[in-house]
Q: 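Mind having a look at this structure? Questions to follow.
A note on names: the letters A, B, ... follow the listed sequences, proteins ahead of strands, and every chain is numbered from 1.
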Amino acid sequence: MTSDLHERSSDEEDTPLAQSGKRRRAAQVTIDEEYDTEDGEYNSDIALSQVSENLNGKTTPEVEEPPKRVRRKVKNETPKKKTTRKLKKIKVESSPKKLTTPKSEEDKSVKEEEDEQEDDGGYKWWEAEKEDDTIKWTTLKHNGVIFPPAYEPLPSHVKLYYDGKPVDLPPKAEEVAGFYAALLQSDHTKNPVFQRNFFDDFLEVLKECGGTLNGIEIKVFSKCDFNKMFEYYELQKEQRKQLSSQEKKQLRLEKEKLEEPYKFCELDGRKEQVGNFRIEPPGLFRGRGAHPKTGKLKRRVYPEDVVLNLDNEAPIPPLPEGQNWGEIRHDNTVQWLAMWRENISNSFKYVRFAANSSLNGLSDFKKFEKARQLKDHIDPIRKDYTKNLKSKIMLERQKSVAIYLIDVFALRAGGEKSEDEADTVGCCSLRYEHVTLKPPTTVIFDFLGKDSIRFYQEVEVDKQVFKNLAIFKRPPKQPGHQLFDRLDPSILNKHLQHYMPGLTAKVFRTYNASKTMQDQLDLIPNEGTVAEKLLKYNAANRTVAILCNHQRSVTKTHAQSVQKASDKIRELEWQKIRLKKAILQLDKKQMKERPKFFEEVEDITKEDEMAIHKRIIEREVEKCHKKFARDNDKRKFENMELLKESDLKEWLDKVEEQRLNFEQELKTGVVELKMASTVEKLDKQIEKLDQRIQNSAIQLRDKEENSQVSLGTSKINYIDPRLSVVFCKKYGVPIEKIFTKSLREKFKWAVESVDENWRF
DNA sequence: CTGGCTACTTAGGACAACTGAC
DNA sequence: GTCAGTTGTCCTAAGTAGCCAG
């Protein structure tokens with residue numbers, strides 16, 4: 001058999017359509033038909049040479065077409081107006097009584113949050129027995145949503161400038177310009193796509209409201225100057241910061257009072273917290289990664305856009321005169337209170353219960369129970385996919401490899417994406433260029449995953465997986481082509497259902513994350529201080545985060561703070577050595593008695609010492625200046641006599657004296673301590689320093705290792721909270737050290753239901 | 001089947017609040 | 001008390017997945 005027997009014959013275009021059409025025929029095609037093999041193992045010699053060609057492919061780029069990105073069918077090619085299932089306007093008849101919270105609000109002027117928890121937390125759903133899970137509630141009452149405040153036009157002296165001239169914008173357009181101005185210092189505004197999308201939408205809004213008010217015609221983005229607007233916002237921010245703490249408190253209280261009615265709802269007669277009761281304010285869409293729509297105007301949402309969901313007896317939240325809700329629904333099979341359609345990708349946004357709500361808790365519990373259940377099925381699944389790596393049917397091989405990748409490297413399912421989203425992939429949507437093969441069995445993954453976070457891993461894989469990946473990459477496939485051209489998440493999930501009802505690709509991530517955590521926790525000895533145990537818990541957490549590729553961007557100040565910390569350690573070490581020298585000065589015999597102890601005295605070079613001296617002196621000088629400035633500020637305020645320059649000089653002289661001492665010390669090697677001391681006292685000090693050095697070193701290492709890893713996501717979504725609870729109970733670590741207040745509430749079901757023998 | 005809807009889960013960054021060293 | 005650095009919360013984007021009509 002030769003290459004023209006490949007399923008994809010050469011005359012077929014590699015259009016997205018052709019690609020997706022091919023999938024349909026996939027099932028019938030066997031490996032035998034496709035590849036010249038007897039046992040389902042394809043001829044690795046041929047394939048490997050092809051592979052390495054691609055690999056060493058530094059040669060190929062010149063020859064090949066630049067990798068084109070072939071995507072599957074484009075959704076919404078023509079953004080056709082959806083069959084407008086027009087939101088029925090239901091006339092609000094019922095008197096819009098305000099929802100009274102179960103207990104009288106006046107009882108407590110200052111709300112005690114902990115107490116608040118007590119009375120609604122009485123219901124322990126995890127101890128109740130619920131049968132039907134398609135019905136989420138029988139009664140649901142709430143007060144609707146908070147709309148963002150109306151736009152307040154800028155004062156007349158703050159304007160957009162066009163080509164150097166002030167522009168009078170109609171409020172609606174000014175608002176949009178303001179959205180951009182506010183972001184002037186962010187990275188978004190440096191992105192040309194963002195600029196263009198913003199500008200297009202801005203012009204459109206401007207046109208809608210009839211153009212500028214002073215006849216200036218805005219045409220070119222580059223002539224727009226948003227600085228005056230930006231400065232105004234900065235000023236406002238500054239002023240807000242300057243408010244006295246009293247005023248700030250006042251504002252906080254007012255906000256609190258306004259929000260109070262929306263924070264809670266009543267579900268089956270119980271008080272529950274609402275999550276995002278604030279409608280998202282208008283602004284510029286900030287898509288992540290290379291999002292084609294980033295910068296577009298996210299339009300304001302009005303009551304007419306909002307669908308409310310509550311029970312049919314529930315009072316309908318009132319609206320200002322003349323305004324109406326888009327629709328009132330009574331759908332008790334869903335867990336949302338309100339929703340609206342956003343204009344960027346035409347999808348829905350939901351107002352839902354808070355993380356600590358019973359319904360969300362229940363879903364969470366079920367999620368982890370499902371993942372735990374996978375424990376009992378994982379062995380046959382692994383056995384199966386290992387076996388099927390050699391299946392004669394292409395589809396089967398792709399399935400097996402996909403499940404292997406999802407299981408072993410915790411890849412996401414990887415659904416199809418449309419052309420107007422950022423180009424990110426998961427397992428099923430991996431393309432040729434995302435996987436590089438390095439014989440014999442090394443694979444390099446390099447692609448952008450969810451949120452355009454880079455997934456880069458060089459890993460060893462099963463031999464047969466390697467071979468299969470080589471097959472999936474075989475010509476005529478080239479960059480831009482799907483690796484798993486027979487697969488999508490729904491095919492995969494359907495396959496997985498056979499092993500276990502409800503099993504889907506994402507369950508593997510939960511399972512492997514929690515399993516890994518359990519294994520890591522098992523390795524931690526029950527000894528040492530709480531701080532030490534905590535450190536080990538975090539290390540375990542980190543293992544999971546790395547498995548799931550949970551990253552965060554390093555802070556701007558990271559390098560600096562690492563530098564600072566390591567400088568501090570060096571300084572401590574220097575101090576220690578200095579003390580050891582002092583010991584030797586006191587008693588020369590010590591060297592013979594404890595040669596090991598004094599070994600490190602030689603470790604420090606003159607240059608090191610000089611650098612440390614310099615740092616200390618610089619710091620001291622700076623301190624003097626700062627203190628001088630601060631003291632005088634204070635004195636000015638209190639109408640006291642100011643410190644004179646001579647006072648500052650006096651301080652600085654002292655520092656200079658110290659500098660000279662250091663210089664002397666460096667020259668002679670003789671350490672002069674401030675106080676007379678004994679060998680014993682110095683030993684004690686050294687011991688303390690050692691401890692401090694160790695602690696600082698651990699902290700530094702932790703900081704380094706955590707700088708790119710985000711622990712939160714796995715803690716919140718992947719690690720069964722019961723693992724953490726058991727850990728705390730068993731190891732005597734207070735749960736507050738691991739779960740913040742809101743996490744303790746979210747995971748209340750776990751905190752209260754588990755004994756210390758529980759295992760994932 | 002497939003594609004489009006719909007609902008729900010997972011995600012990182014912005015920003016506010018807190019904390020500990022000085 | 002002040003400041004810098006850290007931690008916790010909020011915000012909303014971006015995934016997964018089930019369902020249903022054609």
Q: Which ones in residues 711-720 of chain A lie close to DNA chain C, meaning a heavy atom under 4.0 Å from one of its atoms?
A: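 Those residues whose heavy atoms fall under 4.0 Å from DNA chain C, taken from residues 711-720 of chain A, amount to none.
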
Q: In terms of side-chain heavy atoms of A:Lys417, which of C:dA14, C:dG15, C:dA4 is nearest?
A: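 Nucleotide nearest to A:Lys417's side chain: C:dG15.
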
Q: Whole angstrom is fine here: how far is it from CG in A:Asp451 over to P in B:dT9?
A: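 Going from A:Asp451 (CG) to B:dT9 (P), I get 17 Å.
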
Q: Check A:Lys366 with A:Glu369, please: is the shortest side-chain N to carboxylate O separation under 4.0 Å?
A: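 Looking at A:Lys366 together with A:Glu369, the answer is no, because their closest N to O distance does not fall below 4.0 Å.
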
Q: What I want to find out is whether A:Asp364 reaches A:Lys746 closely enough, with some N-O distance under 4.0 Å, to be called a salt bridge.
A: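 A salt bridge links A:Asp364 with A:Lys746.
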
Q: Please tell me if A:Arg352 has a side-chain N or O lying less than 4.0 Å from either OP1 or OP2 of B:dC8.
A: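 Answer yes for this pair, as a side-chain N or O of A:Arg352 is under 4.0 Å from OP1 or OP2.
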
Q: Name the orientation class of the two ring planes belonging to A:Trp336 and A:Tyr350 (parallel below 30°, tilted from 30 to 60°, perpendicular beyond 60°).
A: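 The rings of A:Trp336 and A:Tyr350 sit tilted, inter-plane angle from 30° to 60°.
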
Q: Are OP1 or OP2 of C:dA13 and a side-chain N or O of A:His291 less than 4.0 angstrom apart?
A: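 Answer is no, no contact under 4.0 Å.
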
Q: In degrees, rounded to 10°, what is the bend between the two ends of the helix from B:dC1-C:dG22 to B:dC22-C:dG1, using five pairs at each?
A: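 Angle reported: 10°, given to the nearest ten degrees.
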
Q: For C:dT9, take OP1 and OP2 only and decide whether either is under 4.0 Å from a side-chain N or O of A:Ser742.
A: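 Indeed, a polar side-chain atom of A:Ser742 lies that close.
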
Q: Tell me if a side-chain donor or acceptor on A:Gln398 pairs with a main-chain N or O of A:Asp485 at a distance below 3.5 Å.
A: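 Yes, A:Gln398 side chain to A:Asp485 backbone: donor-acceptor pair under 3.5 Å.
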
Q: For DNA chain C, which residues in residues 492-509 of chain A have a heavy atom at a distance below 4.0 Å?
A: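 Under 4.0 Å from DNA chain C: A:Asn493, A:Gln497, A:Thr504, A:Ala505, A:Lys506.
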
Q: OP1 or OP2 of C:dA4 sitting under 4.0 Å from any side-chain N/O of A:Ser561?
A: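 No, no such contact exists.
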
Q: One pair to check against ring-ring contact (aromatic ring centres under 6.0 Å, His included): A:His291 and A:Phe285. What are the steps and the verdict?
A: CA-CA 10 Å; A:His291 199 298; A:Phe285 173 67; 4.9 Å; yes

Q: Nearest of B:dC8, C:dA17, C:dT12 to any side-chain atom of A:Lys349?
A: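 For the A:Lys349 side chain, the nearest candidate turns out to be C:dT12.
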
Q: Please give me the minimum heavy-atom distance between A:Asp488 and A:Cys428, naming the atom from each residue.
A: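 Heavy-atom minimum between the residues: C-SG, 3.8 Å.
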
